[in-house]
Amino acid sequence: MLKLQPKLEVVQEKPESGPEAKDSFQNATQDSQLDSIIVQIGQFGRFQISNYLLLCLPIICNAFYSISYVFTAGQVPHRCNITQCDSLETGYDEPFLNFTTPHRHGTWDQCEHYAVMLDGDWGNEAECNASWFDVGQRVSCDAGFKLQSDESTIASEFGIYCSDQWKLSMVGTVNNIGQFVGIPLGGYLSDRYGRKSILVLAGVLSSFAGLARSHAPDYYSFLGLEFLDMAVGSTLFPTAFLLAVELVGPKRRVIAATMISLTYGLAEAGLGYLASYLLDWRVLLRVLYMPALLHLIFICLLPESVRWLLSQSMEQEAKETLRRVARVNRRSLSEQQLNDLVRSNRQVEAQSSAPGGHYTVRQIAQALGWRIALCCFVWFTHTFICLGLSLNADQLSGSKFENFSITGLMQLPGILMATTLMHRVGRRWALSFSLFSCASLLLAAAATDEVYPLTSSLLYFLAKMTSTGSFMIVYFFTSEIFPTNCRNSLLSFCSSVGRFGSMLAPHTPLLIVYYQYAPHLLFALFGFICSSLVLIFPETTNKVLPTTLEEARALDRSMPREKVCKSAA
């Protein structure tokens, strides 16, 4: 598309007409036409706001689908059914449990009960008696289970208890494997066939997969549909994120990313409250997945990315979209400006090394290999730390639904903190500072835990908050350091590699056997290393998005900053 010159000038948004605006636009270099046009017709006007409201749908759906297994495949608290004492009328908590069932960690043992004495004095007693049971001997449940609540998950419906509980963890593993496959695949397809097309296709297919899973007759069909769901639906967030960023001007990208990230956090919090009312996993899935069919309306209402259209030589479609933006935002846009944009785009395409608008894997690796490798490590570190902190955190008081919702809400202050930092110190330093702060807080939490446990808990919470903010910066930063026609592919590839971190994080609690604060130290170590390495990245604050590999590679040297032309007094 647009080839960058050493200097980039962008007109200010007001005044939008008259000689001052005209002179400013003419002063803009030929190869910065698109960003100049976006600034002129509105960086974040009515058109962008309406499209952001539409893009909330795939963001919310992805938040639901990527973590809904916490409730659909959750473990329902249970205990052994004591045939000598239980009946159809007895519940989860009964007085006879004091001499029939061991008590562990504040709750009844879920998989064992005291053995019944074969030579006990049974007599003619109508009620069970403590003398019937040998508290020195425990046996596994052999007569079914009593559930604590009416909640229905695949555990209670398919009889997954005790020695079979690994099957519940396997659902989360398969979910991440589906994301590992689906995210890079969706990224490639969206770069090849367009952001909007993939959003529609992924949304509809994920809806079908989720609704089919709500009718799964057994565990293995449920597991297979869980993989299929994430293989087709995991691309919703990165694709919607990039489409949102590409719709706005340079100075509004941070606001755009913040709105997307806040929506995701609020969606996770809402999922917890929704699951607390819909205790049947089949009903919950149908409520979560039915709205995804609304992605079909994107065919008529959502515009394709102008940057992607230009990268595919679809210049007439790009011009029509820009006219529509100007019309909705009530701004002026001349045909001469659009013609200059097309002419500039054709010059870039003629000089581009991407045949047919697409680069080969070899070309990308040669130009940006080290940047991609570093980006993958950064993504691995963030998924490892963020999920690891959640898994190693002490259980909050209250129900699991409330705890889950609180965890989602905790993301909000972290995201706002990251937004402020990106505005003030730029992308690189904001990312480095957030990671360094997270690692330092973890060390402080470990050091103060024994003497000041309350302070340690607060420090741990702050570490989770800063890690969430850091993750938001990574998503945003990654969308700025790669060229348009392979941006989503590379963002999705880095995100996919990062899934290895989320696969390893569940094993970190095993380290506590060797040293109580081993997880803290491990997360802090990765945080310190990553906070140093991210400074190698180029700074992208207030710079135009790179279009070609040459422009992306030029970020390491010097990429033009936007410069607002002051109108005459």
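Residue numbers count from 1 along this sequence.
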Heavy-atom side-chain proximity of [X] to [Y] below 4.5 angstrom:
X      : Y      : value
Leu421 : Trp429 : no
Asn329 : Gln48  : yes
Pro58  : Asn62  : no
Asn339 : Lys319 : yes
Ser440 : Phe528 : yes
Ile60  : Tyr264 : no
His520 : Tyr460 : yes
Leu341 : Leu310 : yes

- Task: With side-chain contact (heavy atoms from CB on, under 4.5 Å) as the test, would you mind laying out the steps for Leu302 and Leu55 before giving the verdict?
- Result: CA-CA 9 Å; Leu302 188 70; Leu55 290 173; 4.1 Å; yes

- Verify whether the ring centers belonging to Trp379 and Phe471 lie closer than 6.0 Å.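 Distance test on ring centres: under 6.0 Å, yes.
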
- Query: How about Tyr289 and Phe208: are their ring centres within less than 6.0 Å of each other?
  - Reply: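 Centroid separation for Tyr289 and Phe208: 6.0 Å or greater.
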
Looking at every heavy atom in both [X] and [Y], which two are closest together, and how far apart are they?
X      : Y      : result
Asn51  : Leu301 : OD1-O, 4.1 Å
Leu57  : Pro291 : CD1-O, 4.0 Å
Pro238 : Ser234 : CD-O, 3.5 Å
Leu199 : Ala240 : CD2-N, 4.0 Å
Val232 : Ala202 : O-CB, 3.1 Å
Arg331 : Ile41  : CG-O, 3.2 Å

- Task: Check Glu317, Met314, Lys196 against Glu304 for a side chain to side chain contact (heavy atoms under 4.5 Å, CB included) and give me the one that passes.
- Result: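 Between Glu304 and the candidates, side chain to side chain contact (heavy atoms under 4.5 Å, CB included) is satisfied uniquely by Lys196.
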
For the atom pair [atom1] ([X]) and [atom2] ([Y]), what is the distance rounded to the nearest 0.5 Å?
X      : Y      : atom1 : atom2 : value
Cys438 : Phe523 : SG    : CZ    : 9.5 Å
Ser50  : Leu54  : OG    : CG    : 6.5 Å
Leu271 : Leu266 : CG    : CG    : 12.5 Å
Leu322 : Arg324 : CG    : CZ    : 11.5 Å
Leu431 : His382 : CG    : NE2   : 5.0 Å
Ser68  : Glu226 : OG    : CD    : 6.0 Å

Tell me if a side-chain donor or acceptor on [X] pairs with a main-chain N or O of [Y] at a distance below 3.5 Å.
X      : Y      : value
Gln179 : Met230 : no
Tyr65  : Leu288 : yes
Thr383 : Gly498 : yes
Ser467 : Lys464 : yes
Glu315 : Leu338 : no
Arg195 : Leu243 : no
Thr381 : Phe526 : no
Asp229 : Ala209 : no
Ser206 : Gly203 : yes
Arg428 : Val534 : no

- Just wondering, are more than 12 heavy atoms of other shown residues or ligands nearer than 6.0 Å to CZ in Phe433?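 No.
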
- Query: If you count the non-hydrogen atoms of other residues, nucleotides and ligands that lie under 6.0 Å from OH in Tyr52, is the total more than 12?
  - Reply: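 Buried by this count: over 12 neighbours within 6.0 Å.
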
- Evaluate ring pair (Phe, Tyr, Trp, His ring centres under 6.0 Å) for Phe384 paired with Phe500, printing each intermediate quantity in order. CA-CA 8 Å; Phe384 182 61; Phe500 285 107; over 10 Å; no

- Message: For Thr235 and Thr239, which I'm curious about, is there any donor-acceptor pair between the side chains at under 3.5 Å?
- Response: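 Judged by distance alone, the side chains do pair up.
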
- Ring-face cation contact, Phe222 with Arg213, 6.0 Å cut, 45° max: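 Yes, a cation-pi geometry.
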
- Can you label the angle between the Phe380 ring and the Phe377 ring as parallel, tilted or perpendicular, going by 30° and 60°?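 Plane angle under 30°, so parallel.
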
- Message: The test is side-chain contact (heavy atoms from CB on, under 4.5 Å); show your working for Thr419 and Met472 and say whether it passes.
- Response: CA-CA 9 Å; Thr419 302; Met472 181 260 191; 3.7 Å; yes

- Task: Dump the intermediate steps for side-chain contact (heavy atoms from CB on, under 4.5 Å) on Trp308 and Ser190, then the final yes or no.
- Result: CA-CA 9 Å; Trp308 182 84; Ser190 67; over 6 Å; no

- Item | side-chain contact (heavy atoms from CB on, under 4.5 Å) between Val378 and Leu533, intermediate numbers included | CA-CA 8 Å; Val378 171; Leu533 291 178; 5.8 Å; no

- Query: Quick one: do Glu539 and Arg427 make a salt bridge, cutoff under 4.0 Å?
  - Reply: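 Result for this pair is no, no salt bridge flagged.
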
